[in-house]
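Counting starts at 1 for both ligands and their atoms, in listed order.
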Amino acid sequence: NLKTKHKTMLNLVIFGAPGSGKGTQSEVLIEKYGFDHISTGDILRAEIRQESELGKAAKSYMDAGQLVPDSLIIDMIEKVLRERKPKKGIILDGFPRTVAQAEALDALFARLDTQVHAVLDLQVAEDELVERLLKRGQDSGRSDDNLETIQKRLGVYHAQTAPIAEHYAKKGVHHPIAGSGAITDITARIARVIDALG
Ligand code: B4P
């Protein structure tokens, strides 16, 4: 049941470029606050491992550093959001990634009589992003963590994903977070925003 008040349940979006620490901070936040974690990247990688129709459709886009088409992602997230029964709140990680996805999420939450309460935008310099992803690529086995694909993903981020920040700034829920430094320091910056939500 996603219909709640601030004090009982929060709908949070963790936002930022590839390598900005979305997955990393989500893991810490689910532990600290008991939130449900919905990572579209993780769901898509699981679909690929299972060789589902969605996985087969998504794989070529992901390997090329492109976004999976909005229609597939929006159907997928609607299904996931309806199945989950979060108690403390949810962290959307890697979604929305386009303005069309953000608008679809607004419409879905409106139907459930709720909204996005905060967008936590992790800001990290480009050279550090590349360095982190290349380092992960050494042992993650992720087919998209190589220099050529990383550069494509960063280009896609600037062209298609970064404009969402403005969409949420207009709604007064966009929070820039300095995303460099120790993981615990970044968590503390995020926690200050979450705790101020009430
Ligand atoms: P994602 O799985 O979301 O991958 P990502 O953007 O690289 O972020 P991730 O969360 O994994 O990395 P993090 O920054 O935590 O997406 C992969 C692909 O799936 C996309 O390219 C797209 O094709 C598709 N996709 C997913 N969602 C979609 C959607 N909504 N619409 C369309 N397509 C979609 O960590 C990176 C590295 O940095 C890690 O190794 C970590 O250890 C390190 N790190 C983190 N914090 C650090 C710190 N403070 N200091 C040093 N290193 C740090």
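The protein heavy atom nearest to atom 14 (O) of ligand 1 is G21 N, 2.5 Å. Annotation: atom 41 (C) of ligand 1 to nearest protein heavy atom, T24 OG1, 3.5 Å. Nearest non-hydrogen protein atom to atom 19 (O) of ligand 1 is M62 CE, 3.2 Å. In terms of protein heavy atoms, atom 27 (N) of ligand 1 is closest to T40 OG1, 2.7 Å. Among protein heavy atoms, the minimum distance from atom 33 (N) of ligand 1 is reached at V68 N, 3.1 Å. Counting only heavy atoms of the protein, atom 11 (O) of ligand 1 lies nearest to R136 NH1, 2.9 Å. In terms of protein heavy atoms, atom 4 (O) of ligand 1 is closest to R142 NH2, 3.3 Å. Of the protein's non-hydrogen atoms, the one nearest atom 10 (O) of ligand 1 is G23 N, 2.9 Å.
If you check the side chains of S52 and E47, you find a donor sitting under 3.5 Å from an acceptor. A donor-acceptor contact under 3.5 angstrom links the side chains of Q25 and T187, judged on distance only.
One option in R97, K22, E27, R153 has a heavy atom closer to atom 7 (O) of ligand 1 than any other, and that option is R153. Which of K59, K135, R132 comes nearest to atom 47 (C) of ligand 1 through a heavy atom is settled by distance: it is R132.
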For E131 and K135: C-alpha separation, side-chain torsions, deciding distance, then whether salt bridge (Lys or Arg N to Asp or Glu O under 4.0 Å) applies.
CA-CA 6 Å; E131 201 180 301; K135 185 154 171 270; over 6 Å; no
Checking T149 against D63 for the side-chain contact (heavy atoms from CB on, under 4.5 Å) test, could you report, in this order, the C-alpha distance in whole Å, the side-chain angles of both residues, the deciding distance, and whether it holds?
CA-CA 8 Å; T149 312; D63 285 350; over 6 Å; no
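Taking a 6.0 Å sphere around CD of E83, one finds it holds more than 12 heavy atoms contributed by other residues, nucleotides or ligands. The environment of E78 atom CD is dense: over 12 non-hydrogen atoms of other residues, nucleotides or ligands sit within 6.0 angstrom.
The residue from D70, D106, T40 that alone fulfils the side-chain hydrogen bond (donor to acceptor under 3.5 Å, both in side chains) condition with Q101 is D70. The salt bridge (Lys or Arg N to Asp or Glu O under 4.0 Å) with D36 is formed by just one residue from the set K85, K87, R84; it is R84.
Applying the 4.0 Å criterion to heavy atoms of R45 picks out, from ligand 1, the atoms 2 (O), 17 (C). For ligand 1, the atoms sitting less than 4.0 Å from at least one non-hydrogen atom of Q66 are 22 (C), 23 (O), numbered in the order shown with element in parentheses. In summary, the atoms of ligand 1 found under 4.0 Å from a heavy atom of L44, numbered by their order in the structure, are 24 (C), 25 (N), 26 (C), 34 (C). Each of the atoms 14 (O) of ligand 1 lies under 4.0 Å from some heavy atom of S20. Contact atoms of ligand 1 toward I183: 48 (C), 49 (N) (distance under 4.0 Å to a heavy atom of the residue). Close contacts of ligand 1 with Q101, meaning ligand atoms under 4.0 Å from a residue heavy atom, involve 29 (C), 30 (N), 31 (N), 32 (C). Heavy-atom proximity to I186, at under 4.0 Å, picks out these atoms of ligand 1: 49 (N).
T161 meets the side chain to side chain donor-acceptor pair (under 3.5 Å) test with no other residue; sequence neighbours excluded. Partners of Y33 under the side-chain contact (heavy atoms from CB on, under 4.5 Å) rule, at least two apart in sequence or in another chain, are L29, F35, A191, I194, D195.
Inclusion of F95 in the set of residues having an N or O under 3.5 Å from an N or O of ligand 1 is not warranted. On a distance-only criterion, G94 and ligand 1 share at least one N/O pair closer than 3.5 Å.
Within the structure, the closest approach of G181 to ligand 1 falls below 4.0 Å when heavy atoms are considered. The closest approach between G65 and ligand 1 stays at or above 4.0 Å for every heavy atom of the residue.
In this structure, D145 pairs ionically with R153, as a charged nitrogen and a carboxylate oxygen lie closer than 4.0 Å.
Atom-to-atom distance recorded for I73:CD1 and L67:CG is 8.0 Å, nearest 0.5 angstrom.
Counting heavy atoms from C-beta outward, F109 and V116 have side chains that approach closer than 4.5 Å.
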